[in-house]
Amino acid sequence: MARNAEKAMTTLARWRAAKEAETGKNERRPYLASECRDLGKCEKWRLEIIREISKKVAQIQNAGLGEFRIRDLNDEINKLLREKRHWENQISDLGGPHYRRYGPKMFDAEGREVPGNRGYKYFGAAKDLPGVRELFEQEPPPPPKKTRAELMKDIDADYYGYRDDDDGILLPVEEKAEKQTIQRVADEWKQSQLSGDRKEQDQEEDIYGSDARLSSDAEKQQKDDPMGLLGPRFTAHVPVPSQKDIEAALLRKRKLELMKKYGIEDDEDM
């Protein structure tokens, strides 16, 4: 049966070719659309390309053709689509309708729009080929945006932190931290006061003179070492001038220098 069917198809094909040759319809489609300057023929070649595309789209739906045959069919369909676009441009240039402007989108055999990447389309079983399936995996839609009214529903006293102290945890922590801070500041203030007092004592002038210091040192030595076991300390054996004596001596020296400068003799020297 298969052999007879093949013979019949071959005979039918030969008969159709002979009839086309008799009627002059055995005309080949130009390789370039720009070579055809007849608007009617351009329309005819466009319809012929559409029929070829429909035939190949129907064939590519069969997943049992194999990966290589499916890829070849998909390439042929995309090639025909590019050729159809060239013919449509030529038709518009010749004053015909603008198919690309008003024409429908490309759909597959199931009525869905044909997806693709950068102008290359995938039809039928070609969408399930390895490496192609990942192209059509849609990303999850983003979460819907909330309106201002929906956002305001979630805003209450807790949002502004008005009831943070009601949990019973924050207040004890704050009290402990406050006590530690107060104690630390107080200790620092005490240390600064003690260091300031020491500096004032070290820088204080001796208003009592060296005699009082020597006497106090002697008294301190006598009190600390009544038996004299620690050895002798410095003791003044000559009279030590006081602060007033030193001021008087300086004043007398200054007076003599001025008298000598101006040539005045001192009455005491006379």
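Atoms considered below: every heavy atom in the structure, side chains included; atoms not considered: hydrogens, waters and symmetry mates.
- Listed here is the closest heavy atom pair of Phe123 and Ile60: O-CD1, 3.6 Å.
- Of all heavy-atom pairs spanning Asn78 and Lys121, the tightest one is OD1-N, 2.7 Å.
- To the nearest 0.5 Å, the span separating CE on Met152 from CG on Asp154 amounts to 10.0 Å.
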(request) Would you please test Lys153 and Glu150 for salt bridge (charged side-chain N to carboxylate O under 4.0 Å, His left out) and show each step? (result) CA-CA 5 Å; Lys153 290 180 180 178; Glu150 293 175 350; over 6 Å; no
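- Shortest non-hydrogen contact noted between Ser92 and His98 is CB-ND1, 3.4 Å.
- In plain terms, the two heavy atoms of Ile70 and Ala63 that are nearest each other are CD1-O, 4.0 Å.
- Hydrophobic side-chain contacts under 4.5 Å tie Tyr31 into a cluster, directly or through other members, with Leu32.
- Scanning all heavy atoms of the two residues, the minimum distance from Gln59 to Leu65 falls at O-CD1, 3.2 Å.
- Gln90 contributes a side-chain N or O that, together with a main-chain N or O of Cys36, makes up a donor-acceptor pair within less than 3.5 Å.
- For Asn62, there are no side-chain hydrogen bond (donor to acceptor under 3.5 Å, both in side chains) partners, not counting sequence neighbours.
- To the nearest 0.5 Å, atoms NZ (Lys55) and CG (Leu73) are separated by 12.0 Å.
- Shown here are the side-chain hydrogen bond (donor to acceptor under 3.5 Å, both in side chains) partners of Arg71, two or more places apart in sequence or in another chain: Glu67.
- When Lys179, Gln180, Glu174 are each tested for a side chain to side chain contact (heavy atoms under 4.5 Å, CB included) with Lys176, only one passes: Gln180.
- Look at Glu257 and Lys261 and you find no salt bridge, because none of the NZ, NE, NH1 or NH2 atoms lies under 4.0 Å from a carboxylate O.
- At a cut-off of 3.5 Å, with distance as the only test, a side-chain donor of Ser242 or Asp245 sits close to an acceptor on the other residue.
- Separating the CD1 atom in Ile77 from the OG atom in Ser54 is a distance of 9.5 Å, to the nearest 0.5 Å.
- Note: Leu194 CG to Trp189 CH2 = 9.0 Å, rounded to the nearest 0.5 Å.
- Summarising the geometry of Pro172 relative to Ile169, their closest heavy-atom pair is CD-O, 3.4 Å, with the distance given to 0.1 Å.
- In this structure, the separation between NZ on Lys260 and CG on Leu258 is 12.5 Å, given to the nearest 0.5 Å.
- Residue-environment remark: CD (Glu178) stays at or below the threshold of 12 foreign heavy atoms within 6.0 Å.
- Ile53 is listed as a side-chain neighbour of Val57, based on a closest heavy-atom distance under 4.5 Å.
- A side-chain donor-acceptor contact under 3.5 Å links Asp156 to the backbone of Tyr159.
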inquiry  = If you apply the rule side-chain contact (heavy atoms from CB on, under 4.5 Å), what do you find for Trp87 with Glu48, and how did you get there?
reply    = CA-CA 11 Å; Trp87 283 106; Glu48 182 179 336; over 6 Å; no
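- Between Glu52 and Glu76, every side-chain heavy-atom pair lies at or beyond the 4.5 Å cut-off.
- Counting only distance, with no hydrogens or angles, the side chain of Glu43 and the backbone of Leu39 share no donor-acceptor pair below 3.5 Å.
- Once rounded to the nearest 0.5 Å, the distance linking NZ of Lys44 with CZ of Arg46 reads 15.0 Å.
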Q: Might you work through the side-chain contact (heavy atoms from CB on, under 4.5 Å) test for Arg85 and Asn89, ending with a clear yes or no?
A: CA-CA 6 Å; Arg85 187 163 58 250; Asn89 292 336; 4.2 Å; yes
I'd like to know whether Asp75 forms a side-chain contact (heavy atoms from CB on, under 4.5 Å) with Tyr120, so could you lay out the CA-CA distance, the side-chain angles of the two residues, the decisive distance to 0.1 Å, and finally the verdict. CA-CA 9 Å; Asp75 293 339; Tyr120 191 88; 2.2 Å; yes
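- A chain of hydrophobic side-chain contacts below 4.5 Å, direct or via other Ile, Leu, Val, Met, Phe, Trp or Tyr residues, connects Leu129 to Tyr122.
- A donor-acceptor pair shorter than 3.5 Å can be found between the side chains of Gln183 and Asp187.
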